[in-house]
Structure formats: structure tokens, C-alpha cells
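Take a look at the structure below.
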2 protein chains.
Amino acid sequence: MQKTAMEIDQAAIILKLLGDRTRLTMLKILDEEVCCVCEFVDIFGMSQPSISQHLRKLKDIGMVREERKGQWIFYSINKSHDDYPFVRELLGQLPSQIYKLTELEAQGRRISCC
Amino acid sequence: MQKTAMEIDQAAIILKLLGDRTRLTMLKILDEEVCCVCEFVDIFGMSQPSISQHLRKLKDIGMVREERKGQWIFYSINKSHDDYPFVRELLGQLPSQIYKLTELEAQGRRISCC
DNA sequence: TTAATATATAATTATTTGCTTATATAATCA
DNA sequence: TGATTATATAAGCAAATAATTATATATTAA
């Protein structure tokens, strides 16, 4: 049986969210690793509220989930989302961004929180 | 040899453009058929300048091309664009929108211009 | 040539977006 | 307990967006 094709309006909503370099990179990273807010702040060199707001948008459509672990809140991609296959296909065509985490780690800034 | 992965910033630019229901539907249609401006005006029930402006954005990144035929200007998708494979993969996951053209035709409004 | 048709561009406007700063909440640590 | 750290939310603002109306340009038809 074939997968139901995605509705075009729903696709437009998702693409609009992914059409931002910060969120697109976030999702690409989250497709490979779980990550906490402070890491994203570090990676993107943006203010913490700005990062929180981007994550909020991804959470609002259910594409990411959060899980508190003590002081930190970890975000992960929601692979059970109806539209995850669509997103995954798309992310699959982009180069891995894991090197950004590797860089953090090299500077000892990843361990500090995660 | 493997295809070079798309740059993430370039992907974000394209996704932002596709993150609009009008442009996304346009591109989906153009991936299957050549179309002229007046047909889009009819299909979307939007003003002609609005349609022209959406087409302009798609043209600005080189994803569509225009070709004048007399009075009319026909738009087609640019399959030679470096990022066309990315776009195609994405569009391939969406349901065909050709029925919108079929509807026009049924009302005798397609023949009128094309 | 004049009128009609198809399209593009310019100007305007309301809405949305993405950032900032300020503040609130929650958990940990001394 | 009080201080620190991590995060979220609220408010404000400048820039971008997507629509509209008005106008310009190009082609065809009378």
C-alpha cells in the first residue's frame, strides 16, 4: 500500500519553517544527535532567547520534542511525526552539520553541559 | 562519483521560497506542465500582479524560465538548475496538482489563452 | 491607428518575522 | 538559604513579506 501523499498546504507550512538557516541547521543536527539549548546558543552565536524561539516553532508543529534532564533541556527530532519522512528526505540531501558539535567538543564546551 | 551535497544556506533560501502555498503549488504544476501567467491567475484566484511577483521570485533564483509566445508568457521549470534535483525530490512527495489545470480546461478557460 | 489583452513593475500597506532586552521560572550548588 | 545556571516568555522594534491598486509595456486585433 502506498503512503498517502502529503497535503500541499501542510508541506508549505513545514517548508516555511525549514526555510531559515538556523532552524534548518538545528533540524539537520537533531536528525543525528540529541542536543541541548546551550549548545545551540554556542553553535549559532545567537542570544539564548532567539534560540529558544526557534526551537519553540519547531516544537509547535511537533517536529521536535523536549526532555528536561536536571538543569538542562534536551531537544530531539520526533521521528514519529506524520511528516517526518518528508523532512528526513529533505535533510538527507544536506551535508552533515555534526562537525559543529565536534568543534564545541574540541573546545571543551560540549562536556560543560551535556 | 557522488553528487556534491547542497549547501545548507542555499537550501534554506530555496525552502523559504517554497514555503508559500502559492509558489509551492506553482512549482508542483510546472514540474509537470508548462503554464502561462493568466492560467495561474485563474487557478489561484489572485490578482495578476500578485501572481507575477511570485513568478518573479522563482525566476530570480533561476528555478523557472519564461518564454514569450506572442501575447503570452509561458513559464517552465528549469531542470538544468543545480538545485533542481533537491527541488524535484521534494515535489515528488507532494500530490499532483494537475487537476487544477483539468478544472480550467473543463470550464473552457484553458484553451482561451494557451 | 486605436482598442483590447497579457504581463511586469512601482508604490503602498498590513502582517509576519526574527532579533533584541528585560524578566520569570526551575534546577543546582555553596 | 541565597547565588548561579539554564531555559522560557513577554515586549518592543526593524526588516521582510505578500497582498493590493495604479500604471507602464508589449502584442494582437479591429
Side-chain angles (χ1 to χ4, degrees), chain A residues 8-9 12-27 30 34-76 104 108-114, chain B residues 8-9 12-27 30 34-76 104 108-114:
Chain A
I8 212 153
D9 283 8
I13 290 169
I14 291 185
L15 294 176
K16 182 174 217 167
L17 275 179
L18 299 203
D20 172 277
R21 67 181 244 104
T22 305
R23 287 190 299 266
L24 185 60
T25 308
M26 278 178 165
L27 262 193
L30 290 176
V34 166
C35 229
C36 74
V37 180
C38 62
E39 289 178 307
F40 283 131
V41 170
D42 222 335
I43 286 172
F44 293 106
M46 281 166 55
S47 71
Q48 174 269 315
S50 188
I51 294 296
S52 270
Q53 285 156 14
H54 282 301
L55 287 166
R56 177 71 200 270
K57 289 183 184 189
L58 294 173
K59 203 179 61 180
D60 282 348
I61 60 159
M63 200 49 75
V64 304
R65 285 173 169 161
E66 56 177 31
E67 184 187 2
R68 180 176 281 275
K69 280 189 185 161
Q71 213 169 356
W72 301 289
I73 296 181
F74 287 84
Y75 281 83
S76 58
L104 281 197
R109 278 189 281 154
R110 187 157 196 218
I111 306 136
S112 72
C113 94
C114 302
Chain B
I8 212 152
D9 283 8
I13 289 170
I14 290 185
L15 294 176
K16 182 174 219 165
L17 274 181
L18 299 202
D20 171 277
R21 66 181 246 104
T22 304
R23 287 189 299 266
L24 185 59
T25 308
M26 276 176 166
L27 262 194
L30 291 176
V34 166
C35 230
C36 75
V37 180
C38 62
E39 289 178 308
F40 283 132
V41 171
D42 223 336
I43 286 172
F44 292 108
M46 283 166 53
S47 70
Q48 174 270 315
S50 187
I51 294 297
S52 269
Q53 284 156 16
H54 282 300
L55 287 166
R56 177 70 198 271
K57 290 184 181 185
L58 294 173
K59 201 179 62 180
D60 282 348
I61 61 161
M63 198 51 73
V64 304
R65 285 173 168 162
E66 56 176 30
E67 182 189 2
R68 179 177 281 274
K69 281 189 184 161
Q71 211 169 357
W72 300 290
I73 296 180
F74 286 84
Y75 281 83
S76 57
L104 280 198
R109 277 189 281 153
R110 187 153 198 223
I111 307 137
S112 76
C113 94
C114 304

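Lettering of chains follows the sequences in order, A, B, ..., and the numbering in each one begins at 1.
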- request: Can you tell me the distance, in whole Å, between the CD1 atom of B/I73 and the P atom of D/dT27?
  value: 9 Å

query: Hey, which of these two, A/Q48 or B/Y75, hits DNA chain C nearer its 5' end, going by closest nucleotide?
result: B/Y75

message: To the closest 0.5 Å, what do you measure between CD1 (A/I13) and CG (A/L18)?
response: 12.0 Å

field: For A/K57, side-chain contact (heavy atoms from CB on, under 4.5 Å) partners two or more places apart
entry: A/L17, A/R23

field: For atom CZ of A/F40 and atom C1' of D/dA8, their distance in whole Å
entry: 16 Å

query: Of the nucleotides C/dA6, D/dT7, C/dA8, which has the atom closest to the A/C38 side chain?
result: D/dT7

task: Indicate yes or no: at least one non-hydrogen side-chain atom of B/R65 is less than 4.5 angstrom from one of B/Y75.
output: no

field: Donor-acceptor pair, side chain of B/E39 and main chain of B/C36, under 3.5 angstrom
entry: yes

statement: Rounded to whole Å, CD1 of A/I51 lies from P of D/dT9 at a distance of 15 Å

- request: Spell out protein contact along nucleotides 15-20 of chain D as letters: B when the base is contacted, S when just the sugar-phosphate is, - when no protein heavy atom is under 4.0 Å; keep the 5' to 3' order.
  value: --SSBB

statement: Rounded to whole Å, CZ of B/R56 lies from C1' of D/dT25 at a distance of 15 Å

message: Would you say that A/F40 contacts A/L30 through its side chain, given a criterion of any heavy-atom pair below 4.5 Å between the two side chains?
response: yes

query: With sequence neighbours left out, what residues match A/T22 under side chain to side chain donor-acceptor pair (under 3.5 Å)?
result: none

field: Value in whole Å for how far the P atom of C/dT16 lies from CD1 of A/I13
entry: 13 Å

- prompt: Which angle, rounded to 10°, do you find between the first-five-pair axis and the last-five-pair axis of the helix from C/dT1-D/dA30 to C/dA30-D/dT1?
  reply: 10°

- prompt: Roughly how many Å is it from CD in A/E39 to P in D/dT5, rounded to a whole number?
  reply: 18 Å

- prompt: Excluding sequence neighbours, so at least two apart, what forms side-chain contact (heavy atoms from CB on, under 4.5 Å) with B/R68?
  reply: B/I73

message: Contact list please: residues 59-70 of chain A against DNA chain C, heavy atoms, distance less than 4.0 Å, in numerical order.
response: A/R68, A/G70

message: Expressed as a whole number of angstroms, how long is the span from B/M26:CE to C/dT7:P?
response: 11 Å

- request: For the pair A/T25 (side chain) and A/R21 (backbone), establish whether a donor and an acceptor sit closer than 3.5 Å, ignoring hydrogens and angles.
  value: yes

task: Side-chain contact test, heavy atoms from C-beta onward, threshold under 4.5 Å: evaluate it for A/D20 versus B/K16 and give yes or no.
output: no

query: Can you tell me how far CG of B/L24 sits from NE2 of B/H54, rounded to the nearest 0.5 angstrom?
result: 12.0 Å

- prompt: To the nearest Å, how far apart are B/Q71 CD and C/dA6 C1'?
  reply: 6 Å

- prompt: Mind checking whether A/V34 and A/E67 have side chains closer than 4.5 Å, heavy atoms only?
  reply: no

